[in-house]
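Step one of this worksheet: look at the structure below.
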Number of protein chains: 2
Amino acid sequence: MADSRTPRSADGLGSSSPAPAVTRAAAVLDALAEAPSGRLTLSDLSRELGIPKSSTSNLLLALEEARLITREGADFSLGRKLVELGAAYLSRLDEVQEFYKFCEQAPTLSGETVRIAMIDGDHIIYLARYEGHPAVRLTSNIGDKMPLSLSAVGKVLLAQLHDHDIEEMFPDDVELPVMTPKSLRSAAELKSQVLAIRKQGYALEDEESTLGVVCLAVPVPTHGAHGPSLGLSVTALKATFSEEQAALMVKELKELAHSLGNPMG
Amino acid sequence: MADSRTPRSADGLGSSSPAPAVTRAAAVLDALAEAPSGRLTLSDLSRELGIPKSSTSNLLLALEEARLITREGADFSLGRKLVELGAAYLSRLDEVQEFYKFCEQAPTLSGETVRIAMIDGDHIIYLARYEGHPAVRLTSNIGDKMPLSLSAVGKVLLAQLHDHDIEEMFPDDVELPVMTPKSLRSAAELKSQVLAIRKQGYALEDEESTLGVVCLAVPVPTHGAHGPSLGLSVTALKATFSEEQAALMVKELKELAHSLGNPMG
DNA sequence: GGTATTTGTTCAGTGGATTGAACAAGCGTG
DNA sequence: CACGCTTGTTCAATCCACTGAACAAATACC
């Protein structure tokens with residue numbers, strides 16, 4: 001995806017880490033996750049990360065022993081243990097369990113495609129998905145990432161941040177990722193939407209990531225010191241999307257958000 | 001879960017690793033994943049893993065910087081990046097995509113709860129789940145682990161291993177995990193089932209992990225050097241379970257297994 | 001409140017992980 | 001086939017990450 005000639009800054013000289021081997025190991029995992037084919041050789045990794053071959057070899061051996069990666073001939077790829085660990089993370093989120101229960105019972109939402117997502121750096125990451133309507137199946141999966149500016153959940157979570165954080169992430173001259181002709185182009189446009197979202201209490205994505213598809217999202221109020229903020233979204237086909245339906249969905253989404261934000265809802 | 005007084009063998013003196021810091025970091029992740037609450041302090045980890053506090057501190061700093069863990073006050077827990085990495089692993093498995101498609105169209109399976117799993121050390125790990133029948137919702141999730149002897153998929157995948165591997169994993173005096181009165185108790189019992197499974201081509205789990213629930217499983221033939229073997233299973237309520245239905249489900253499971261084993265099915 | 005315990009951070013010395021060069025083995029090319 | 005090129009492993013010297021003890025700060029206990 002990125003220019004494979006450019007060595008990463010993950011390591012090398014730049015940042016000094018209290019445990020360099022760990023930082024480099026994490027960089028290896030990242031590189032494998034981002035590699036289009038998912039497989040890289042020792043030399044690939046050594047070159048791309050700027051780590052000497054002999055060191056890379058040691059890292060890979062240790063990672064393999066921990067089953068965080070797998071070797072297949074000369075190729076390395078991510079290991080199954082990562083699925084375990086990711087699942088362990090998700091299993092601790094009570095919100096996910098309640099999310100499913102609520103969706104099943106909600107009059108309108110129960111027939112729609114609903115997702116719960118979390119902010120993660122400059123992206124959002126989908127944590128769970130409820131599919132009431134098998135007619136519209138999303139291609140995105142649990143764990144997938146999405147730029148903030150391209151999704152309703154991203155925008156609604158962005159709107160919850162402080163202004164100076166937003167300014168830092170999206171300076172006026174930043175170039176936003178574009179996926180459709182309707183994707184937001186400028187930081188100014190994004191920021192004006194943020195203001196509107198704060199007033200409305202929900203965000204709308206109108207074919208900005210996929211043509212023909214619209215999305216509504218609301219934030220989950222963070223109750224106390226309980227980690228990063230969550231967001232909820234409904235996805236629908238633009239063709240079958242009406243104002244009244246939207247109002248109903250937003251109403252139910254807000255109910256769900258409220259019950260997630262206040263335990264024992 | 002385990003005796004928290006017992007320090008782990010993950011590190012300490014035993015095995016020398018080519019990159020100890022990485023091995024220890026992996027041990028930290030494991031410890032966090034297995035901790036009942038999912039949160040541990042620096043001292044907890046230092047004590048449990050037998051790593052000096054100062055070293056543990058460095059490890060945690062590096063892990064946090066890589067977002068593999070999160071700090072919340074004095075408590076550390078798994079980080080969101082692990083969900084990303086786990087998802088990246090799953091997204092590379094074409095089998096999962098095809099699994100969903102097939103289940104939707106299969107006459108019998110489309111109404112059942114079907115799962116695809118993979119062998120992972122001495123456990124199986126669930127990779128994906130199709131739920132045609134919201135009536136019976138499983139509590140287990142993607143990424144969850146299960147002992148081999150307690151699940152139909154586990155037994156069917158075990159049956160695919162060589163005899164000496166089985167003997168190594170289950171010596172005659174081994175104590176099997178028990179979850180219900182019907183769980184297998186002895187290695188001998190397990191091995192005799194393995195022989196039967198090899199003849200039949202499928203495995204049955206009869207309330208061995210959950211009372212009232214039965215499970216059927218078939219192996220996915222491994223096509224070439226493509227990693228570890230997969231297995232498929234259907235879960236049903238014992239109350240509504242008939243011989244004819246079982247025959248149909250095994251038939252469709254085998255079709256699915258065949259199409260997963262032979263690309264372009 | 002005073003004591004005792006535990007928790008997390010700081011820091012200089014040292015032992016072992018890291019490294020680069022040299023090696024052998026594989027791969028494509030002319 | 002001989003040649004260059006790349007790949008992954010080996011190994012001794014060096015440097016730096018790890019350590020343990022000593023510190024400060026918070027918590028538990030009586």
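Hydrogens, waters and symmetry mates play no part in the numbers below; they use all other heavy atoms, side chains included. So that the names make sense, note that chain A is the first sequence line, chain B the second, and so on, each numbered from 1.
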May I have the distance from [X] (atom [atom1]) to [N] (atom [atom2]), rounded to whole angstrom?
X     : N      : atom1 : atom2 : value
B:E48 : C:dT6  : CD    : P     : 17 Å
A:N58 : D:dG8  : CG    : P     : 14 Å
A:R24 : C:dA17 : CZ    : P     : 14 Å
B:L45 : C:dT9  : CG    : P     : 13 Å
A:I51 : C:dA17 : CD1   : P     : 17 Å
A:L40 : D:dG8  : CG    : P     : 11 Å

When only distance counts, do a donor and an acceptor, one from the side chain of B:S57 and one from the base of C:dG8, lie under 3.5 Å apart?
->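 Looking at the base of C:dG8, it does not pair with any donor or acceptor on the side chain of B:S57 (distance under 3.5 Å).
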Give the minimum heavy-atom separation between B:G38 and A:R92, together with the two atoms involved.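 The answer is CA-NH1, 3.1 Å.
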Checklist entry - Which atom pair, heavy atoms only, marks the closest approach of A:G261 to A:V220? => result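 Shortest heavy-atom contact: N-CG1, 3.9 Å.
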Polar atom pairs (N or O), protein with nucleotides 3-7 of chain D, under 3.5 Å:
unit_1, atom_1, unit_2, atom_2, d
D:dT7, OP1, A:R47, NH2, 2.6
D:dT7, OP2, A:S43, OG, 3.4
D:dT7, O5', A:S43, OG, 3.2

side-chain contact (heavy atoms from CB on, under 4.5 Å), that's the test. Do A:R115 and A:V153 meet it? Break it down for me. CA-CA 9 Å; A:R115 288 184 289 184; A:V153 207; over 6 Å; no
Practice item. Using only heavy-atom distances, determine whether the side chains of B:S259 and B:E98 contain a donor-acceptor pair under 3.5 Å. Key: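 Checked: B:S259/B:E98 side chains pair up, N/O donor to acceptor below 3.5 Å.
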If each of B:L59 and A:D75 is mapped to the nucleotide of DNA chain D with the nearest heavy atom, which maps nearer the 5' terminus, i.e. the 5' end?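 Comparing both residues, the 5'-ward one is A:D75.
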Do A:K81 and B:D30 sit within salt-bridge range, that is, some charged N less than 4.0 Å from a carboxylate O?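 Here A:K81 pairs with B:D30 in a salt bridge, since their nearest N and O are under 4.0 Å apart.
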Candidate pair A:F76 and A:R39, rule side-chain contact (heavy atoms from CB on, under 4.5 Å), full reasoning: CA-CA 5 Å; A:F76 293 89; A:R39 314 151 124 246; over 6 Å; no
